[in-house]
2 protein chains.
Amino acid sequence: MFDINPSHSSPIWVQIEEGVRRMISLGALKPGDPVPSVRDLARTLRVNPNTVARVYQRLAEAGVLAVRRGEGTYVADDPAQPKKAEKSEKLREAATAYAGTALAVGATADEAAAELERSYERLSREHRRKA
Amino acid sequence: MFDINPSHSSPIWVQIEEGVRRMISLGALKPGDPVPSVRDLARTLRVNPNTVARVYQRLAEAGVLAVRRGEGTYVADDPAQPKKAEKSEKLREAATAYAGTALAVGATADEAAAELERSYERLSREHRRKA
DNA sequence: CGTACTGTATTAGTAACCTAGTACACAGTG
DNA sequence: CACTGTGTACTAGGTTACTAATACAGTACG
């Protein structure tokens, strides 16, 4: 599936939410596909079921997942994409954070760009592998 | 100086520490220069003095700042740079985080790279302006 | 000396996040 | 029906990050 870093500063539920969205963006999860049950994913990621449940609820509310109570949770038929404005904002915010730490450790723009490319490659590959 | 985002997921003290390191990396703060007093910076950034004090202590311990108790805090004569290994690790971690959210919002590698470049530009400009 | 500025230390309180445990309601299967 | 696996709800507890208030210690200056 994907990995979680409990010692990372960003909350676990955010990491899980992004993980699921990535899987869908990359096509590792397609419309109609079932996602792991709350308890299963919690066990796999070694987190509390409540944390996963919260993410599924958020994603269902956002139109990304469809919940069939008592049966399971599935990728929505037409999974909602972030609105253009929201996408831009989040992208800009994340880019600022990355540029900020890159500058703080004394990395040049080229070094930062190269490392970004490698990360993109790696994440894409990992998700496609487990599709 | 630089900006702080209290609603951001990363702790305020991390943002401050990175901010100071950026200023030094970019030459806005030079060896021997005084940095704002704990209380001054705290007031400017609208944070608690203890938070700033903690950052200064960490940076002093790391060899980036030199504290002259009762007098003030200054950039070290030869401010320590992160070790190569540490630099690589932090860069990779930050790049992974950025690539992760970029993929989650459905951004292409090109879009992410372009946004990164803009952020680099902006941060560099801001710091040089206030040097 | 006294005053005013530095950094430092200690204690207490608040909020967010996560964990843990339990219980309930719905769907599928035998 | 019983049984199992779904999502959901609720309460309680711990940890971490930050705030708040206060006090202490060193330096500069008049």
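By convention in this document, chain letters (A, B, ...) are assigned in the order of the sequence lines, proteins followed by strands, and residues within each chain are numbered from 1.
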Check: With distance as the sole criterion, is a donor-acceptor pair present between the side chains of B:D110 and B:T108 under 3.5 Å?
Finding: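 There is no such pair (donor and acceptor under 3.5 Å, judged by atom type) between the side chains of B:D110 and B:T108.
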
Margin query: Does any part of the side chain of A:V67, heavy atoms only, come nearer than 4.5 Å to the side chain of A:Y74, both counted from C-beta?
Written below: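 With C-beta onward as the side chain, the pair stays apart.
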
Item checked: B:I16 and B:V47, any side-chain heavy atoms less than 4.5 Å apart ->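 SC-SC contact between B:V47 and B:I16 confirmed.
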
Note to self: Quick check: closest heavy atoms across A:Y98 and A:L116, and the distance to 0.1 Å?
What the structure shows: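 Looking at all heavy atoms of both residues, the shortest contact is OH-N, 3.8 Å.
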
Checklist line | Over 12 non-hydrogen atoms of neighbours within 6.0 angstrom of CD in B:E89 | finding: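 For B:E89, atom CD is not crowded (no more than 12 foreign heavy atoms under 6.0 Å).
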
Next item on the list: Return yes when atom CD of A:E117 has more than 12 non-hydrogen atoms of other residues, nucleotides or ligands closer than 6.0 Å, and no otherwise.
Entry: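 Open.
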
Taking only Lys NZ, Arg NE, NH1 and NH2, and the carboxylate oxygens of Asp or Glu, determine whether [X] and [Y] approach each other closer than 4.0 Å.
X     : Y      : answer
B:R92 : A:E115 : no
B:D33 : B:K30  : no
A:E18 : A:K90  : no

Check: Taking five pairs at each end of the helix from C:dC1-D:dG30 to C:dG30-D:dC1, what angle separates the two helix axes (nearest 10°)?
Finding: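 Between the first-five-pair axis and the last-five-pair axis there is 0°.
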
Note to self: Tell me the interatomic distance from A:L45, atom CG, to C:dT19, atom C1', rounded to whole angstroms.
What the structure shows: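 For the pair A:L45 CG and C:dT19 C1', the rounded distance is 15 Å.
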
Notebook entry, point to check: So how far is it from A:L65 CG to A:R21 CZ, rounded to the nearest 0.5 Å?
Noted result: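 Going from the CG atom of A:L65 to the CZ atom of A:R21 covers 9.0 Å.
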
Check: For nucleotides 13-23 of chain D, read 5' to 3', which letter fits each nucleotide if B means a protein heavy atom sits under 4.0 Å from the base, S means only the sugar-phosphate is that close, and - means neither?
Finding: ----SSSBB-B

Next item on the list: Please work out which residues in residues 56-74 of chain A have a non-hydrogen atom less than 4.0 Å from an atom of DNA chain D and list them by number.
Entry: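 A:Q57, A:V67, A:R69, A:G70, A:E71, A:G72, A:T73 - these, ordered by number, are the residues of the stretch whose heavy atoms sit under 4.0 Å from the strand.
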
